[in-house]
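To start, the structure itself, in structure tokens.
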Amino acid sequence: MNAILPLYIFISGTILGSFFNVVGLRLPKKIDFTKSRSACPHCSTTLQARDLIPLISFLLSKGKCRHCESRISIAYPIVELSTGILFLSAYMHLGISYPFLGACLLISLAIIVTVGDLKYMIIPDRLLLFFAGMFIIYRFFYPLEPWYVSVLGALTGFGLIMLIIVVSKGGMGGGDMKLFGILGILLGVKMTLLTFFLATIIGTIASLLLLGFKVIGRKDPFPFGPSIMLASIISYLYGNDLLNFYFETFYI
Ligand SMILES: [Zn+2]
């Protein structure tokens, strides 16, 4: 296989990841992410073009600000690398196609939600509204069969989390509910249900690990957005494979 296109997609992913990181950090604080330029959070030196190359800048500067030598968060290269890997996985699985376009939208939302939710425990309404619009436009041109499973998917996602909020008296937040609702537009009913199932497993494992390593305390709130987004990407890319595997293995 020609390596140029996969490499191009991976590099585009890391560049977009670097941008999504900025959006994820600024949007919940209502800072305009299109105007002010990136600066070192310690010494406020404006970053130059050579400081903004995804992954490479971090490696060359050994994770330190070139001006004041203070440590740069490892979160930056992790977000860039994750976005690159996710874009590449989507391409490997789907090729250049309409579903690949949908996957790119989903991964973009995933990275921005994860950054914001881990940092501030907020999933901004403006972000959800924007991606609700994107998913509706996408499903208008590339509908599920039949088209109304997008509507039912949205209702399923919204309703499931609402039920959990009522039953658990606040185990999940309104942001999670709205997020699941708009994911339903893209995923449809079946994959929304699978996403819910996987998100519960991922969220449980993640919270147990964080508790075990004492990153969070027993009473601390746990951001559920990243688990939901990871589950939605797995469902979108591999959901049918997973379901086929399950039914072939357990229902012979
Ligand atoms: Zn600095």
Side-chain angles (χ1 to χ4, degrees), residues 6-90 104-131 173 175 179 206-207 209-217 219-230 233:
L7 190 67
Y8 173 76
I9 286 168
F10 174 77
I11 293 173
S12 306
T14 62
I15 294 168
L16 283 170
S18 164
F19 170 66
F20 296 155
N21 203 7
V22 173
V23 177
L25 291 175
R26 292 186 182 179
L27 201 55
K29 295 269 141 187
K30 299 199 165 64
I31 307 170
D32 191 339
F33 54 83
T34 55
K35 290 210 179 92
S36 50
R37 295 189 53 190
S38 296
C40 168
H42 302 281
C43 67
S44 301
T45 308
T46 307
L47 299 181
Q48 305 299 317
R50 57 181 282 198
D51 302 316
L52 296 170
I53 309 162
L55 299 175
I56 310 284
S57 294
F58 188 87
L59 291 174
L60 288 181
S61 66
K62 300 190 181 69
K64 286 179 186 155
C65 168
R66 284 196 297 120
H67 197 74
C68 69
E69 298 253 302
S70 56
R71 288 227 148 267
I72 300 166
S73 169
I74 187 85
Y76 290 91
I78 290 178
V79 169
E80 291 158 3
L81 185 63
S82 312
T83 315
I85 290 173
L86 286 170
F87 271 73
L88 185 60
S89 322
C104 291
L105 287 174
L106 185 61
I107 294 164
S108 307
L109 175 63
I111 299 295
I112 301 171
V113 162
T114 299
V115 169
D117 206 18
L118 289 181
K119 182 85 177 175
Y120 312 111
M121 298 273 301
I122 292 173
I123 303 176
D125 279 341
R126 275 172 66 195
L127 177 72
L128 294 176
L129 211 57
F130 176 79
F131 274 93
L179 177 62
S207 60
L209 283 174
L210 291 178
L211 274 173
F213 287 104
K214 298 199 166 37
V215 180
I216 56 171
K219 293 213 171 120
D220 288 338
F222 172 73
F224 207 62
S227 307
I228 296 172
M229 291 315 304
L230 180 58
I233 293 173

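Only heavy atoms go into these numbers, but all of them, side chains included; no hydrogens, no water, no symmetry mates. The first residue of the sequence shown is numbered 1, and numbering continues consecutively from there. Start at 1 and go down the list; that is how both ligands and their atoms are numbered. All figures in this text were calculated on a predicted structure; none of them were measured in a lab.
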Pairs of donor and acceptor atoms involving the side chains of residues 123-130, under 3.5 Å and at least two apart or interchain, shall be tabulated with distances.
unit_1: Asp125; atom_1: OD1; unit_2: Lys178; atom_2: NZ; d: 2.7
unit_1: Asp125; atom_1: OD2; unit_2: Lys178; atom_2: NZ; d: 3.4

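Around the Zn ion (ligand 1), the protein N, O or S atoms found under 2.8 Å comprise Cys40 SG, Cys43 SG, Cys65 SG, Cys68 SG.
For the atom pair CE (Met121) and CZ (Phe222), the distance works out to 9.0 Å, reported to the nearest 0.5 Å.
Contact check for Met229 versus Leu179: side-chain heavy atoms found under the 4.5 Å cut-off. Using a 4.5 Å cut-off on side-chain heavy atoms (C-beta onward), Pro6 and Phe87 make no contact.
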message = I'd like to know whether Phe20 forms a side-chain contact (heavy atoms from CB on, under 4.5 Å) with Val115, so could you lay out the CA-CA distance, the side-chain angles of the two residues, the decisive distance to 0.1 Å, and finally the verdict.
response = CA-CA 8 Å; Phe20 296 155; Val115 169; over 6 Å; no
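Tyr120 places a side-chain N or O within donor-acceptor distance of the main-chain N or O of Leu25, the cut-off being under 3.5 Å.
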